[in-house]
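Below is one structure, written out as structure tokens; comments come after it.
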Amino acid sequence: MPTHDTLLLAFGGNALIRKGQAGTIDEQLENLTLPMRQVARLAREYRLIITHGNGPQVGDLLNRQECCPGAAPLPLEILVAQTQGQIGYMIESTLDTELMALDASPQKSLVSLISYAVVDKNDPAFLTPTKPIGPILTENQAMSAPYPVKKTAKGMRRVVASPTPLTIVEKREIKKLIEQDFIVICCGGGGIPVVREGRKFCGVDAVIDKDLASACLAHEVGVDVFAIVTDVAGAYLNYGTPDQELLTHISVTEAENYLSTGAFPDGSMGPKIQACINFIKDGGKRAVICPMDEIETAVKGRAGTVIVP
Ligand code: ADP
Ligand code: MG
């Protein structure tokens with residue numbers, strides 16, 4: 001039975017490219033089949049918003065850029081916009097196929113929306129770019145790069161700022177579309193980062209965490225259930241050690257305590273837990289972090305790490 005509750009599903013980059021894959025378009029479309037089959041079934045019960053990461057896809061565009069010195073380099077905001085179009089198309093086409101296979105009647109309509117996320121130009125994150133993006137650079141490329149670079153475990157990489165998203169510019173349009181029963185794909189890659197300059201928005205060289213942007217949007221449009229879909233069973237304590245323990249149900253207070261003791265690293269599980277905390281504190285009913293093959297059960301609160309008030 002339709003609940004008319006709104007569900008926001010935030011997909012990690014691994015929904016499209018699994019660890020160890022080359023990341024061809026055929027692989028990406030094939031990888032989307034399993035999650036989108038579940039999303040199609042959930043569309044019978046919930047109003048749906050889908051957000052997604054874009055790390056590997058932006059990395060691929062940057063790689064092409066590094067390989068082609070003759071072409072004028074495109075700024076990051078343009079690359080984020082390009083990936084919103086590309087990934088929106090791939091999600092739309094696979095989800096549409098799964099909806100038709102279910103013979104959903106009346107047929108649901110899908111729309112992918114180019115979305116901006118506003119950040120503060122004085123956000124301290126701009127002073128210390130931390131987020132590695134793009135390909136591993138050669139020593140020469142790193143030395144002559146017109147942007148900050150940092151040594152990472154994999155080698156020298158470009159780093160960019162990751163400021164906090166304050167608001168999603170298209171929130172009213174997204175709300176109207178879900179009220180009219182559209183499935184909305186938006187906030188790809190956390191949204192195109194912009195700062196407000198008087199009456200206009202200007203793109204900035206930054207990347208926004210897609211989980212924090214999704215929580216921001218969820219609050220602004222009044223989402224009921226928030227699911228972050230990734231490549232692990234949920235949030236673990238002592239992750240990667242013989243004592244690792246999957247958290248199944250935790251309260252916001254427990255989540256805050258674990259986060260403050262450093263149980264979850266920045267840049268991966270940390271922002272997911274923070275996004276769930278923000279969502280519940282803003283009035284959401286249930287947040288869950290779950291793997292690709294358990295989306296339906298996790299949305300009901302029976303798999304993954306469920307965070308409740
Ligand atoms: P996504 O693309 O879905 O955003 P991320 O790589 O950002 O994925 O975050 C998921 C990753 O977080 C997992 O693959 C896992 O390796 C890592 N991780 C780090 N700490 C933890 C933890 N405490 N519990 C679970 N996963 C963790
Ligand atoms: Mg991530």
Side-chain angles (χ1 to χ4, degrees), residues 8-21 23 27-28 31-32 34-35 39 50-60 80 83 87 90-91 117 125 130-134 152-154 157 159-165 187-191 193 206-217 226-250 254-279 287-295 298 303-307:
L8 190 154
L9 292 158
F11 283 95
N14 53 68
L16 288 100
I17 304 177
R18 303 279 154 80
K19 280 190 181 117
Q21 287 186 331
E27 280 171 343
Q28 297 190 43
N31 292 339
L32 278 170
L34 169 71
V39 175
I50 298 172
T51 64
H52 59 84
N54 70 348
Q57 290 77 18
V58 160
D60 180 61
V80 175
T83 60
I87 300 171
M90 288 195 283
I91 292 178
T130 52
K131 173 86 183 160
I133 57 163
T152 69
K154 296 180 195 161
R157 288 181 80 191
V159 282
V160 292
S162 190
T164 305
C187 279
V207 292
I208 297 177
D209 183 87
K210 69 108 180 34
D211 297 312
L212 295 177
S214 301
C216 178
L217 174 68
F226 177 32
I228 298 179
V229 186
T230 185
D231 62 351
V232 279
Y236 288 84
L237 292 181
N238 306 313
Y239 180 67
T241 74
D243 302 329
Q244 71 174 26
E245 179 197 338
L246 180 67
L247 294 166
T248 53
H249 284 79
I250 53 172
E254 286 171 307
E256 283 180 317
N257 288 341
Y258 289 134
L259 198 58
S260 66
T261 58
F264 309 115
D266 292 346
S268 59
M269 195 45 69
K272 295 185 196 309
I273 295 286
Q274 186 64 59
C276 292
I277 293 171
N278 295 354
F279 174 72
V288 61
I289 300 164
C290 69
M292 212 70 66
D293 55 352
E294 288 186 320
I295 303 172
T305 300
V306 183
I307 295 135

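Numbering of ligands and ligand atoms starts at 1, following listing order.
Annotation: atom 24 (N) of ligand 1 to nearest protein heavy atom, Y236 N, 3.0 Å. Of the protein's non-hydrogen atoms, Y239 OH, 3.4 Å is the one closest to atom 15 (C) of ligand 1. Of the protein's heavy atoms, S268 CB, 3.4 Å lies nearest to atom 12 (O) of ligand 1.
Contact annotation: P271 has no heavy atom less than 4.0 Å from any atom of ligand 1. Residue contact annotation: G53 has no non-hydrogen atom under 4.0 Å from ligand 1. Within the structure, ligand 1 lacks Q244 among the residues with a heavy atom less than 4.0 angstrom away. Residue G267 places a heavy atom under 4.0 Å from ligand 1. Judged by the shortest distance from any of its heavy atoms, K19 lies inside the 4.0 Å radius around the atoms of ligand 1. Residue G55 places every heavy atom at 4.0 Å or more from ligand 1.
Within the 4.0 Å heavy-atom criterion, the part of A235 lying near ligand 1 is the backbone and not the side chain. Heavy atoms of T230 found under 4.0 angstrom from ligand 1 belong to the backbone as well as the side chain.
Residue contact check: G12 has heavy atoms under 4.0 Å from atoms 1 (P), 2 (O), 3 (O) of ligand 1. Against a heavy-atom cut-off of under 4.0 Å, G234 is close to the following atoms of ligand 1: 24 (N), 25 (C). In summary, the atoms of ligand 1 found under 4.0 Å from a heavy atom of G13, numbered by their order in the structure, are 2 (O).
Of the candidates I277, I307, L212, D211, D211 is the only one forming a side chain to side chain contact (heavy atoms under 4.5 Å, CB included) with K272. Between Q28 and the options Q21, R18, Q57, a side chain to side chain donor-acceptor pair (under 3.5 Å) holds for only Q57.
Taking each of D231, D266, I273 in turn, the one with a heavy atom nearest to atom 13 (C) of ligand 1 proves to be D231.
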